[in-house]
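Presented below is the structure to which this report refers.
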Amino acid sequence: MPLRLYNTLGNKVEEFAPSDDNLVRMYCCGPTVYDYGHIGNFRTFVAVDVLRRHLLQSGRKLRHVMNITDVDDRIIERSAAQHITVRQYTEKFEQAFFDDMALLAIHKPEVIARATDNIPEMARLIEGLAQKGIAYRADDGSYYFRIARFPGYGKLSRKDLAHIEDGARVDSDRFDKEEIRDFALWKAPKPGEARWQTEIGEGRPGWHIECSAMAMKYLGPSFDLHAGGEDLMFPHHENEIAQSEAFTGQTFARFWFHVRFLLVEGQKMSKSVGNFFTVRDLVLKGHKPSSLRFLLAGAPYRKQLNFTFDGLKSASSSVERLRNFKLRLEAPLPPGRNPAMQQLAQDTQRLMAAALDDDLNAAEFSAAIFEMVRQANTAADSGQLFAEDAPPLLAALAQFDHIFDVMEDRDAAFTARVVEWARRERPDVEISEAALQLAASASVGDGEIEKLVAEHVAARKARNFFRSDAIRNELASRNIVLENMKDGTVRWRRK
RNA sequence: GGCGCGGUAGCCAAGUGGUAAGGCCGAGGUCUGCAAAACCUCUAUCGUGAGUUCGAUUCUCACCCGCGCCUCCA
């Protein structure tokens, strides 16, 4: 079944296929590494991760490029304030970004490109535009893009150019521009600012040029898909199109994939409202990374996602349910097979694939797996689930997890890492009891648990329930759950 | 003002011209020494009004409400 995706360019769902063999070439606007990433940033990256995982699972080859914006006004300002170089300032946040990606199980793109590593490419692009008369140099050495020379301007965001002029706030560069709507390709250096020496002079790149230069460097003048947050549609992506297409005369990206904003408790996230959260903030409050991953991955990427703490708790319960189901399948089952279960697993796999092919319908995708879980649990409760049924059901579960990636429990270890980071770097930030407990459980060894479990079993056998319950409570306080099975055996798991 | 999105059970949320997936929470029940897990049962006529239609939550129009972009914020 073909993949159908919503294309912002044209505003409709279209069939998506790579133009070149089976190789999908895609570009995703990455982070500006001026601070720790917030959950809104990661909503976009999780959505793109779901897309990339689905493409791979559908048998596509992938060349996915993501930029790291490691120079912009904020970075220049802050690094100057701390009297360190731009690179010294950004490397810490770049590393933090990758750590947070790992926390949320976001796979790394094939190519990660830093803006500051590609300045010559940008300069060449600007020079080419200048030679065509599309870019012009201002008196101070800055370069601007002459929008009047690019007739297609506004096709992505469907802007009425007249209104841009009307509504545009007058910015400080305006006296150098021929027209207010023209945008900066290259900024002449100001005293004390970071600068690069290039063939078009000294200075630093404008924001948009990096993506044009790097996308074309790694993917060619024309490629399959370009992704980013919805706010980037205008002006960033519009300007990327203008720069690139004016330069090459070819279509820049065929598909534009935009992820809608995340709201927090019904409101746009902002520091002044006090509803601004980084991934680390949530972990330190005791929420599991897998809960956040589940929440973000499960929401349709084209709808506003209202992030709430209730929702996060709900996600946590859902993940626990799935993990419990997997444990049940991995435990010994009576010999035999149930054709209905075989059929169920097969149907579920088909439904999941179809759901994602339908513009990444994550809600239907996860509904399919939960339906399977319920039916299989029902069968198991009535003794109708057998050893030979486990592999196909596990295969369906694996197909689910190839996309969501929440089954493996890395929560305690990740939390321990974040707690350690907070103690080192952010001693002022409060660490919740829940986070501490979860982090501590990471260092409780299996051997130690097994020993207590054995003691618990012995006590129960002797009908010393006082003792056995005490052990169970003791383990519970360390985030270990004991479950006494019907046959007298005990199963334990980390909560 | 321009452009766009959404209003479905307590919360999150899918979906279809023929009387509503899934998850979470809650209540009751089964199982159980107690827990845990799991299962079963219960909880919606789909923002309001009008129109099209044999029939609309799903199509059209109007209205109300919420939200986003139009500011180098994902």
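Remember, predicted model here, so these are calculated numbers, not experimental data.
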Between T278(A) (side chain only) and D281(A) (backbone N and O only), is there a donor and an acceptor less than 3.5 Å apart? yes

May I ask you to say what G40(A) touches in the nucleic acid, namely base, sugar-phosphate or nothing, with a heavy-atom cut-off under 4.0 Å? base

Please compare M233(A) and F465(A) by the position of their nearest nucleotide in RNA chain B and report the one closer to 5'. F465(A)

Out of A74(B), G33(B), A38(B), whichever nucleotide has its closest atom nearest the side chain of M269(A): A74(B)

Ignoring hydrogens and angles, answer whether the base of A35(B) and the side-chain atoms of R472(A) contain a donor-acceptor pair closer than 3.5 Å. yes

So, is N377(A) close to the C39(B) phosphate, meaning a side-chain N or O under 4.0 Å from OP1 or OP2? yes

Which part of the nucleic acid, if any, lies within reach of L327(A) when heavy atoms closer than 4.0 Å are counted: base, sugar-phosphate only, or nothing? nothing

Less than 6.0 angstrom from the centroid, inside 45 degrees of the normal: does K12(A) satisfy that with respect to the ring of Y6(A)? no

Non-hydrogen side-chain atoms of F386(A) and L333(A) separated by less than 4.5 Å: no

Classify the nucleic acid contact of H38(A) as base, sugar-phosphate or nothing, counting any heavy atom under 4.0 Å across all strands shown. base

Roughly how far apart, to the nearest Å, are U48(B) and C65(B) at atom P? 15 Å

Tested for side-chain contact (heavy atoms from CB on, under 4.5 Å) against H258(A), the lone hit among H237(A), R302(A), H226(A) is H237(A)

Between U57(B) and U16(B), how far apart are the C1' atoms? Round to whole Å, please. 9 Å

Identify the residue among K288(A), R323(A), K495(A) that makes a salt bridge (charged side-chain N to carboxylate O under 4.0 Å, His left out) with D409(A). R323(A)

Using the C1' atom in both, what is the distance from U8(B) to C40(B), to the nearest Å? 26 Å

Whether each nucleotide of nucleotides 21-26 of chain B has a protein heavy atom under 4.0 Å at its base (B), only at its sugar-phosphate (S) or at neither (-) is summarised, 5' to 3', as BSSSS-

Within the sub-3.5 Å range, which N or O atoms of nucleotides 3-10 of chain B have a protein N or O partner, and how far apart are they?
unit_1: C5(B); atom_1: O2'; unit_2: R260(A); atom_2: NH1; d: 2.7

Side chains of N484(A) and R472(A): is there a donor and an acceptor less than 3.5 Å apart? yes

Enumerate the residues from residues 94-117 of chain A whose closest heavy atom to RNA chain B is under 4.0 Å, giving them by residue number; use none for an empty result. none

Quick one: list whatever passes side-chain contact (heavy atoms from CB on, under 4.5 Å) with N377(A), sequence neighbours left out. F325(A), R328(A), V373(A)

With sequence neighbours left out, the residues meeting salt bridge (Lys or Arg N to Asp or Glu O under 4.0 Å) with E14(A) are none

Find the distance D35(A):CG to A74(B):P and express it as a whole number of Å. 11 Å

Atom-pair distance (CZ on R323(A); C1' on A38(B)), nearest Å: 18 Å

May I have the distance from N239(A) (atom CG) to C70(B) (atom P), rounded to whole angstrom? 13 Å

Test for a donor-acceptor pair under 3.5 Å between the base of G15(B) and the side chain of N361(A), counting only N and O atoms. no

If we take the P atom in both A35(B) and A20(B), what is their distance in whole Å? 38 Å

Regarding P31(A), tell me which of base, sugar-phosphate or nothing describes its non-hydrogen contacts under 4.0 Å with the strands shown. nothing

Using the side-chain heavy atoms of E483(A), tell me which of these nucleotides is nearest: C39(B), A36(B), A74(B). A36(B)

Are the aromatic rings of F400(A) and F404(A) close, with centres under 6.0 Å apart? yes

Tell me whether the OP1 or OP2 atom of C40(B) has a side-chain N or O from T378(A) closer than 4.0 Å. yes

Output the rounded distance in Å from CG (L262(A)) to P (A13(B)). 11 Å

Can you find a pair of side-chain heavy atoms, one from V65(A) and one from M26(A), that are under 4.5 Å apart? no

Polar atom pairs between nucleotides 28-32 of chain B and protein, under 3.5 Å, N or O only, would you list them?
none

Touch check for I369(A), heavy atoms < 4.0 angstrom, all strands: base, sugar-phosphate only, or nothing? nothing

So, F277(A) versus F309(A), ring centres under 6.0 angstrom or not? yes

Can you tell me which nucleotide in A36(B), A74(B), G33(B) comes closest to the side chain of D469(A)? G33(B)

Does a side-chain heavy-atom distance below 4.5 Å link V13(A) with N7(A)? no

Closest listed nucleotide, where the reference is the side chain of P300(A) and the choices are A74(B), A38(B), A13(B): A13(B)

P gap between A13(B) and G6(B), integer Å: 13 Å

Rounded to whole Å, the CG-C1' distance (L356(A) to A14(B)) equals 14 Å

Does V259(A) reach a base, just sugar-phosphate, or nothing at all? Heavy atoms under 4.0 Å. nothing

Specify the residue among N306(A) and D358(A) whose closest nucleotide of RNA chain B lies further upstream toward the 5′ end. N306(A)

